[in-house]
Amino acid sequence: MNISLLDYGAGNLPSVERALQRLGAQTERVCTSAGVAKASALILPGVGHYGALMRALDRDGLRESLIDAIERGVPFLGICLGLQALFQKSDEAPTLQGLEILPGSVRVLSRTVKLPHMGWDQLQLRAGSRMLAGIDAAAYFYFAHSYAVPYHAEDRSLETRATCSYGDEFVAVAEKQKIFAVQFHPEKSGDAGQRVLDNFLRIAA
Amino acid sequence: MSLAHRIIPCLDTDGERVVKGVNFVALRDAGDPVVLARRYNAEGADELVVLDIAASRDRRPTFLETIRKVAAELAIPLTAGGGIRTLDDARAVVRAGADKVTVNTAAVLRPGLISELSEEFGSQAVVLAIDAKRDSNFWRVMTTGGRVSTDLDAISWATKGAELGAGEILLTSMDRDGTQSGFDVALTAAISKKVMVPVIASGGARWPQHFAGIFCEGAADAALAASIFHDGIQSIRSLKEFLAAQNIQVRLPC
């Protein structure tokens, strides 16, 4: 299985790479639209500022090829900022446009709790999830973020498969056809995180 | 369902070895960082901190190599620091595999460094390390491995650091460090209740009750210790089982 990792300078790319290699996957870094167009499975790792990510995608001309690959059904996994990028826009950089693949916007988490939301937290399953298959419902995952996509049960947003509550309830796992996204860092989430990545590899295979 | 309290082993390194001191002096060898990292990752540590206590320029390549080797062992977050003076220093540490960087002395000398790092890596990657020492009626910030006094009050400095973009405070009680007499609950509570970013308590851990106390009365979000883990006095797994039995939220391996 060959996984293409979008390389736009994100700090967590080597950790994601190592985690995938431990699972026996071949990885390659792609940083051009031609590279994205050829990918058979794509991961957008992400850490840092939403604006920096969206600007980097535009700077490198990756936005269109990424949207195109996702729409063609190339298996895609967005991690942390990579999840946020799939939505319409973000409070963190309000003038920039998201990839607009999923409905909803990224908001700052409630100021009633300490931010960033930093550390290991549990999920609330909202619908059957392929990413979380075989994982204990009480498992913890590592989060490190101040922004998230708020979850409103009444929206019936079918893409939301699991949520997490920290100040507000927000989208922790989203899935739609071959599009997968997690707000936590599976590459930093011990055995449970490895299992999430393994599930993605199986789906992508 | 809520955020787990984190248990964080710390590797103080000098060159290629882990060392440990009492009240920041009297250093002795405590093992191989790679071996320890592997063990803590398997035992259920929530994160790992690696600090270069020598922090000298000529040793920097050795420290970066240590980060690379340690990062390769981990499926948990890695924080690294010691001697980070510039954005370039931080970049080198992040490229070597650290998820977060700590700054201490250089941030006191030039607080703008905190903002620079936070703008580059995001505040979740910037940890302000504060070494605090009790004075008559306040906690004084010390720098340069505890050797140099400042006029800063630890509570105000922590508040300022968070405003500048630090996403976390690593708070070490110099009075307790290496003494195994328990965390400084009063210091930690004073800062954790004031600052709206997570606080990692450090210095003085010995017994499981010390951890329970620092999470409850001390309001710490995470607790860091070194020698009790290195020397096998306390296993991380049994510590977490103890805390869970006290109804303190921790991540137990499934």
Side-chain angles (χ1 to χ4, degrees), chain A residues 9-15 17-19 21-23 46-53 80-81 92 111-124 134-147 163-167 169 185-195 197, chain B residues 1-8 41-48 68 71-78 90-91 93-101 117-127 162 165-169 192-193 195-200 219 221-222 249-254:
Chain A
N12 65 336
L13 187 131
S15 330
E17 223 165 36
R18 269 197 304 274
Q21 287 161 2
R22 262 181 231 140
L23 292 165
V47 63
H49 200 280
Y50 180 89
L53 167 61
C80 191
L81 265 183
E92 196 173 12
R111 299 279 184 193
T112 57
V113 287
K114 287 186 173 190
L115 292 184
H117 175 220
M118 173 98 73
W120 299 77
D121 217 329
Q122 290 171 306
L123 308 180
Q124 178 78 49
I135 295 172
D136 192 308
Y140 283 88
F141 295 92
Y142 185 78
F143 291 85
H145 63 121
S146 297
Y147 293 81
T163 60
C164 179
S165 290
Y166 185 74
E169 188 169 13
H185 286 275
E187 77 281 10
K188 294 286 156 189
S189 295
D191 293 342
Q194 289 274 11
R195 188 68 195 254
L197 292 174
Chain B
M1 208 175 71
S2 63
L3 197 59
H5 294 91
R6 283 170 285 157
I7 302 292
I8 305 177
N41 186 68
E43 269 188 8
D46 295 308
E47 205 167 315
L48 190 73
R68 264 187 286 277
E73 297 294 330
L74 300 179
I76 56 173
L78 172 64
R91 278 198 195 107
V93 162
V94 167
R95 287 209 187 106
D99 301 289
K100 314 182 199 178
V101 295
L117 297 178
S118 150
E119 278 155 29
E120 171 96 2
F121 305 108
S123 65
Q124 86 296 329
V126 184
V127 183
E168 207 164 19
I169 306 288
S192 190
K193 288 175 180 169
V195 180
M196 282 304 284
V197 298
V199 172
I200 305 167
D221 301 280
Q249 185 109 14
V250 286
R251 176 183 70 108
L252 288 172
C254 288

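The structure displayed is predicted, hence computed values, not measured ones.
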**Student:** Quick check on Val250(B) against chain A: is it the side chain, the backbone, both or neither that has a heavy atom closer than 4.5 Å?
**Tutor:**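 Looking at Val250(B), just its backbone touches chain A.
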**Student:** Distance from Tyr142(A) atom OH to Arg6(B) atom CZ, nearest 0.5 Å?
**Tutor:**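 That separation rounds to 5.5 Å.
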**Student:** Would you say that more than 12 heavy atoms from the other residues, nucleotides or ligands in this model lie under 6.0 Å from the CZ of Arg95(B), or not?
**Tutor:**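 No, CZ of Arg95(B) has 12 or fewer neighbouring heavy atoms, counting only those of other groups under 6.0 Å.
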**Student:** Atom CG of Leu3(B) and atom OH of Tyr166(A): how far apart are they, to the nearest 0.5 Å?
**Tutor:**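 OH of Tyr166(A) is found 5.5 Å from CG of Leu3(B).
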**Student:** Working to the nearest 0.5 angstrom, can you tell me the gap between Glu187(A) CD and Asp99(B) CG?
**Tutor:**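 So the gap between those two atoms works out to 7.5 Å.
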**Student:** Side chain, backbone, both or neither: which part of Ala52(A) has a non-hydrogen atom closer than 4.5 Å to chain B?
**Tutor:**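 Neither part, no heavy atoms under 4.5 Å.
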**Student:** Nearest 0.5 Å please: distance from the CE atom of Met118(A) over to the CD atom of Gln124(B).
**Tutor:**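 It is 6.5 Å, given to the nearest 0.5 Å.
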**Student:** Considering non-hydrogen atoms only, spot the tightest contact between Trp120(A) and Pro77(B) and give its length.
**Tutor:**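 The answer is CZ2-CD, 4.2 Å.
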**Student:** Checking heavy atoms, do the side chain of Arg251(B), its backbone, both or neither come under 4.5 Å from chain A?
**Tutor:**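 When you check distances to chain A, atoms from both the backbone and side chain of Arg251(B) fall under 4.5 Å.
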**Student:** Between His185(A) and chain B, which part of the residue has a heavy atom less than 4.5 Å away: side chain, backbone, both or neither?
**Tutor:**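 No part of it gets close to chain B.
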**Student:** Taking all atoms of both residues into account, what is the closest heavy-atom pair of Val197(B) and Leu115(A), and its distance?
**Tutor:**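 In terms of heavy atoms, the two residues are closest at CG1-O, 3.2 Å.
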**Student:** Could you pull out the closest heavy-atom pair between Ala71(B) and Arg22(A), with the gap in Å?
**Tutor:**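 Closest approach of Ala71(B) to Arg22(A), heavy atoms only: O-NH2, 4.4 Å.
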**Student:** For chain A, find which of Gly97(B), Ala162(B), Ser192(B) contributes the most heavy-atom pairs closer than 4.5 angstrom.
**Tutor:**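 Top count of heavy-atom pairs under 4.5 Å with chain A: Ser192(B).
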**Student:** Which atoms form the tightest heavy-atom contact between Lys114(A) and Val195(B), and what is the distance?
**Tutor:**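 What the structure gives for the nearest pair is CE-O, 3.5 Å.
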**Student:** Which bit of Asn41(B) is near chain A, if near means a heavy-atom gap under 4.5 Å: side chain, backbone, both or neither?
**Tutor:**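 Interface part for Asn41(B): neither.
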**Student:** Pro198(B) versus Pro116(A): any side-chain heavy-atom pair under 4.5 Å?
**Tutor:**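 Answer yes - side chains close enough.
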**Student:** Out of Gly44(B), Ala72(B), Ala125(B), return the one with the most heavy atom pairs under 4.5 angstrom to chain A.
**Tutor:**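 Of the options given, most contacts go to Ala72(B).
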**Student:** Between Lys100(B), Glu47(B), Arg91(B), who has the most heavy-atom pairs with chain A when the cutoff is under 4.5 Å?
**Tutor:**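 Answer, by heavy-atom pair count under 4.5 Å with chain A: Lys100(B).
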